Amino acid sequence: MSSSEDDRPLAAVRGARTNGTSSTVSADTNGTTPGPIPTNKNSKSVSSRLDKMANKSTNGVRPINAAGISLVNGSVEDSGDLRRGKRKGHQAPIKESSSSEDSDAPLNKRRRTSNGIRKENGFKQEDISSDDDDVPLAKKAAAKRRNMPLTTLVKREKKPPAPPGGGSSDSDIPLATAKLAKEKQRIEQKAAKPAKEMRAEENKATTAAGAKRKSAGNANTSELAKKAGKAPPKKTNGVKKEESSDDDVPLAKKRKGAAQKPIESTKKATGKKTKDIDTKPTAAKGKGKAKEETPAEADEEEEEEYKWWENQAETDGTQKWTTLMHNGVLFPPAYESLPKHVKMKYGGVEVTLPLEAEEVAGFFGAMLDTQHASNPTFAENFFKDFQAILKHVNILSFQKCDFKPMYDYFEEKKAEKKALGLAGRKALKAEKDKAEEKYLYCYLDGRKEKVGNFRVEPPGLFRGRGEHPKTGMVKARVQPEQVTINIGKEATVPAPPPGHSWADVIHDNTVTWLATWKENINGNIKYVMLAATSSLKGMSDFKKFEKARELKNHIDRIREDYTRDLKSELMADRQRATAMYLIDKLALRAGNEKSDDEADTVGCCSLRYEHITLEPPNVVVFDFLGKDSIRFYQKTPVIHQVFKNLKIFKKAPKTKGDMIFDRLDTTQLNKHLQNYMQGLSAKVFRTYNASWTMQEQLDEIPNEGAVHEKYAAYNLANKKVAILCNHQRTVSTTHETMMQKQEEKIKGLRYQKLRLKRMILSLEPTRKKKNPAFFKPDPEIDDEEWIKEHQFSLVEQEKERITKKFEKDNEKLQENGEKVLKDKELKERLQVIKDMEAEFKTENKTGKIEPKRGATVEKLEAQIQKMEERIKKQETEAQVREDNKTVALGTSKINYIDPRLTVMFCKKYGVPIEKIFAKTLRDKFKWAIESADGDWKF
DNA sequence: CTAAGCGAGTCGGGATTCAGTAT
DNA sequence: CATACTGAATCCCGACTCGCTTA
């Protein structure tokens, strides 16, 4: 760990970057846009750091529930004890830090303690002030601030939420060039599209493009476009401002105009749709509907779908819609009792349970073969809830319960379903689809939008992730009486299931949910919302990334400030600064407080003593469970002051269980961040650093080579971001066996290669002398034992193959009413096996193989060549598989990497977008695909 | 030898539902 | 604190790949 460099204060590092004096490859072209802080020193820093992380992070396999304790030992009557013993039973009563004064109160292990705080206060005077010899501070900062880019100032004064695409450094791209570039891209993109999609868009694209091309010289784009029957092809957000050749209409006016149109059309559409949707639930349900619109048709014709990103109608954001129509939620089917012969047993005797109890027992029965069933907490929680529902039935001991009959029954059912065959299952699916059809879409401001999770969550046993104290509890069935519907005033309220009523029906257009209810396990509120592809979600996604981009304009100052504050005399400030450093550098989450009935996971602000280990001079080891109980393990060098601070924050009497940042919480932190930029919060740093890193990584990819190479490079960049964000996945249970299989396969190929070489030698023994290197034995397979085994399995395979074929042939013959082959025939066919064995035998003895008839050295060499390629392919594949076994790329792609970066990459590098964004992502990121081009910058 | 067909196994993607953050 | 929204891993199923056979 070359500590000397890492010790450099951030400011210095940044300075180097900003001056453009650093040799940094990743240095920003215009030299002003700041990178993420992690860029510690030189060009390689980010990647090397990430690589380090990758290696260090122990390939963080998710910790499996340690308790492998089987339930078989110990009776249910014990469960109380188990429970008590389990978690922090030893914990001292919690003292609220604010109130308590008694200094001899025992330290609470999890929360910050009054005790701890007082001590900190004491030390504050001596320690903090003393270690602060090198006071920089206020003056410097003020000076720096004066240097702040003008844009920043202007923007902040004028309009808080900068119009998308406004405001930033890219505005100096000449419009004409930009337009041309964009058009080029559009064409290229079209070319890259798969035929099917292309056809769909052909008309649109060509006319629009044509119109545009004509207009390029002189005229008014939008006019021509209108003539072509299209909305003006506006470029919106992101790169170019719409400062337009268009005309001299002030921007504001234009925006208004744009905003108005959709509203009008909305109204019209609304009217139409209202009728539509209103009648559906009542009359037209069954037949009328089916013929009236195959979904595909309907989609293509109407719509002229809403491209929200093409008009800047910035509502203030609190109102989410004006009209809203939907059909409510879909409840899971009612429980059907099991057949009479399927019963759980208690003490070996079949018991008849009340319906509700049977259902719950079934929940457990269905999970017998999962990890959960052997988790004591799970069983305990389940059993407690189970007993509560049993009423008078006398079941007191979990050990005496036998759910196996239920399990078997479910397995049977599964098998039945499988046996239905493809056709049968298709039919079932069609039926289900039909039942769901009306819930799939809603109408928001008259536009058809996809609903996300319209299915009410079915009852079951709560799983929870990590060591969740509530795992195994019964998740109750949700009744319509618990569900509140949110819908437009003008819309028909969907009817609750017969005999039921809704909890409430409201018309709140400041929220986006269509329905809500409260879940019984944690008391969390669940919502039915629109799908990720909807305009509402799209817009907020867009805003999220714009916010992250805006952070660019403030990040320098923020970093300066917190670097300075690392030495603050105020404990609270110093902690805050340190936390910000960690959030910025390590992409930690904010770390809200959690209660005792949740899994014990932490983020930055909730880090505790035991989560950080200090290794002088400047390395910090983080080891804790983060969101979803995913382990965060990282050894990383930090700047000196941070190291010093963490040492202070861990100072006695603090000990295991105490908060590191006892003077800080997420609310304070975010409040502080708001001072820098509206809407800035801790999580924005994650988005920012992720996208920034991606941009940096993409910039380093050479624009050459085959598409698949570029794609691989993209994935590598993606992977770095995933590692930055600590996105892990559990190694699949099959991983190891799959790796072994693959290795075996590779070995087999190598053996084949070896044999080919031996054949050459049989043809021309002299070659060995001419080219000894070529015929050198392959070190990978010099193991005779293995060779023999392998030969044996090859022989076996061959036998099986021949036998199978024989049987198949016979079947065919039988079908045709012909004579069946005799066993003698089979024996004859199996004669080759003998040959094989003989061949192996001599091969093993002499090292020689008779090549097949007609074989020539040239042919054999060609085969060897091919074999080598296959081996190489398999090997790289295996490598990637191994490398990625714990890294999940998806999450960062979906949530953190600005999709416009990907679009930019694809357009610039000529990689088809569908290679990187699957169908749903293309839908979700439509706004990005249509608005970014090859020179877009985050 | 190539193209097409075939079946098993793998993989990717969407659905699910829980876990966070933010105000 | 409740509310509302984003973010997250995993489950599960369908589709596609791959190696092999057959025409």
Side-chain angles (χ1 to χ4, degrees), chain A residues 62 320 370-371 414 417-418 422 425-426 429 436 452-458 460 462-466 468 470-471 475 484 486 508 510-513 516 518-519 521-533 536-537 540-541 543-544 589-595 598-599 601-606 625-630 665-667 669-671 673-674 679-684 686-687 690 722 725-730 732-735 737-738 741-742 745 797 801 804-805 808-809 870 873-874 877 881 886 888-896 917-921 923-924:
Chain A
R62 190 171 187 160
K320 304 290 168 45
T370 68
Q371 288 275 311
K414 263 190 230 164
K417 213 174 196 177
K418 227 181 205 166
L422 207 69
R425 290 162 67 196
K426 281 247 164 86
K429 176 135 197 303
E436 295 181 346
N453 53 332
F454 54 84
R455 276 173 283 258
V456 171
E457 292 175 16
F462 176 76
R463 279 118 139 145
R465 311 207 240 260
H468 200 293
K470 292 187 174 181
T471 190
K475 188 165 124 178
T484 296
N486 187 32
D508 184 352
T510 67
V511 294
T512 67
W513 52 267
T516 184
K518 197 171 198 173
E519 152 261 2
I521 304 277
N522 298 298
N524 289 336
I525 303 170
K526 302 278 192 169
Y527 301 92
V528 171
M529 290 180 187
L530 298 192
T533 52
L536 271 180
K537 295 283 190 187
S540 65
D541 221 26
K543 278 185 191 151
K544 172 180 80 182
R589 294 193 181 80
N592 286 323
E593 277 283 343
K594 295 188 76 181
S595 65
E598 294 172 278
T601 64
V602 299
C604 184
C605 293
S606 48
L625 298 186
K627 179 175 179 175
D628 290 316
S629 293
I630 296 293
D665 63 36
T666 53
T667 316
L669 178 66
N670 284 337
K671 216 182 225 163
L673 293 176
Q674 298 277 339
L680 184 61
S681 64
K683 65 174 261 194
V684 180
R686 253 168 96 77
T687 316
C725 295
N726 200 40
H727 289 143
Q728 302 187 26
R729 56 178 186 169
T730 46
S732 79
T733 49
T734 57
H735 176 79
T737 50
M738 274 159 66
K741 241 191 203 167
Q742 196 158 19
K745 196 171 168 187
Q797 271 175 35
R801 223 201 74 227
K804 253 191 186 159
K805 167 120 197 314
K808 215 171 152 192
D809 285 353
R870 276 175 74 184
K873 191 180 162 213
Q874 288 294 322
E877 212 170 80
R881 172 176 292 179
T886 59
L889 300 190
T891 308
S892 48
K893 197 194 273 185
I894 295 170
N895 296 307
Y896 287 102
F917 285 157
K919 176 78 170 66
T920 43
L921 277 192
D923 286 347
K924 168 172 169 159

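Note on naming: letters A, B, ... go to the chains in the order of the sequence lines (proteins, then strands), and numbering restarts at 1 for each one. The structure displayed is predicted, hence computed values, not measured ones.
Within the 4.5 Å cutoff, side-chain heavy atoms of A/K475 are placed close to those of A/E457. Put simply, the side chain of A/T516 does not reach to within 4.5 Å of the side chain of A/N486, judged on heavy atoms. In this structure, the side chains of A/N522 and A/F462 come closer than 4.5 Å at one or more pairs of heavy atoms. A/F454 places a side-chain heavy atom less than 4.5 Å from the side chain of A/E436.
In this structure, A/A888 and A/Q874 both approach DNA chain C, and ranking their closest nucleotides by distance from the 5' end singles out A/A888. Of the residues near DNA chain B, A/G591 and A/F917, the one whose nearest nucleotide (by heavy atom distance) lies more toward the 5' end is A/F917. Mapping A/P458 and A/M738 onto DNA chain B by nearest heavy atom places A/M738 closer to the 5' end of the strand.
Here the C1' atom of nucleotide C/dC11 and the CD atom of A/E457 are 14 Å apart, to the nearest Å. Rounding to whole angstrom units, CG of residue A/D923 and C1' of B/dG13 are separated by 13 Å. Separating the CZ atom of A/F462 from the C1' atom of B/dT16 is a distance of 13 Å, rounded to the nearest angstrom. Protein atom CZ of A/R425 is 12 Å distant from nucleotide atom C1' of C/dA15, rounded to whole Å. As a whole-Å value, the separation of A/L921 CG from B/dG12 P is 14 Å. Between the NZ atom of A/K919 and the C1' atom of C/dA15 there is a distance of 16 Å, rounded to whole Å. The CG atom of A/L673 sits 12 Å away from the C1' atom of B/dA22 (whole-angstrom rounding). Going from atom CZ of A/R455 over to atom C1' of B/dT17 covers 12 Å, rounded to whole Å.
Among the nucleotides B/dT10, B/dG14, B/dT23, the one closest to the side chain of A/T667 is B/dT23. Listed candidates were B/dG13, B/dA22, B/dA19. Nearest to the side chain of A/N522 is B/dA19. Of the candidate nucleotides B/dG20, B/dT17, C/dT10, B/dT17 has the atom lying nearest to any side-chain atom of A/K475.
Nearest heavy atom pair, residue A/T920 against residue A/T533, reads O-CG2, 4.0 Å. Heavy atoms only, all atoms of each residue included: A/K537 and A/L530 are closest at CE-O, 3.4 Å.
Among the heavy atoms of the strands, none lies under 4.0 Å from A/G890. At a threshold of 4.0 angstrom between heavy atoms, the contacts of A/K745 are confined to the sugar-phosphate backbone, with no base atom among them. Among the heavy atoms of the strands, none lies under 4.0 Å from A/K426. When heavy atoms are screened at a 4.0 angstrom cut-off, A/K414 is found touching no nucleic acid atom at all.
A sub-4.0 Å separation between OP1 or OP2 of B/dA22 and a side-chain N or O of A/S681 is present. At the phosphate of B/dT21, OP1 or OP2 sits under 4.0 Å from a side-chain N or O atom of A/N592. For B/dT23, one of the phosphate oxygens OP1 or OP2 lies less than 4.0 angstrom from a side-chain nitrogen or oxygen of A/Q674. Not one side-chain nitrogen or oxygen of A/R463 sits closer than 4.0 Å to the OP1 or OP2 atom of C/dC11. The phosphate of B/dA22 (OP1 or OP2) has a side-chain N or O of A/N670 nearer than 4.0 angstrom.
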Walk along nucleotides 2-8 of chain C from 5' to 3' and tag each nucleotide B, S or - by protein heavy-atom contact under 4.0 Å, base first, then sugar-phosphate. -SBBSBB

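Listed by chain and number, the residues in a side chain to side chain donor-acceptor pair (under 3.5 Å) with A/K320 amount to none (sequence neighbours excluded).
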Would you sort out whether A/N453 and A/K526 count as a side chain to side chain contact (heavy atoms under 4.5 Å, CB included), showing the intermediate values? CA-CA 10 Å; A/N453 53 332; A/K526 302 278 192 169; over 6 Å; no

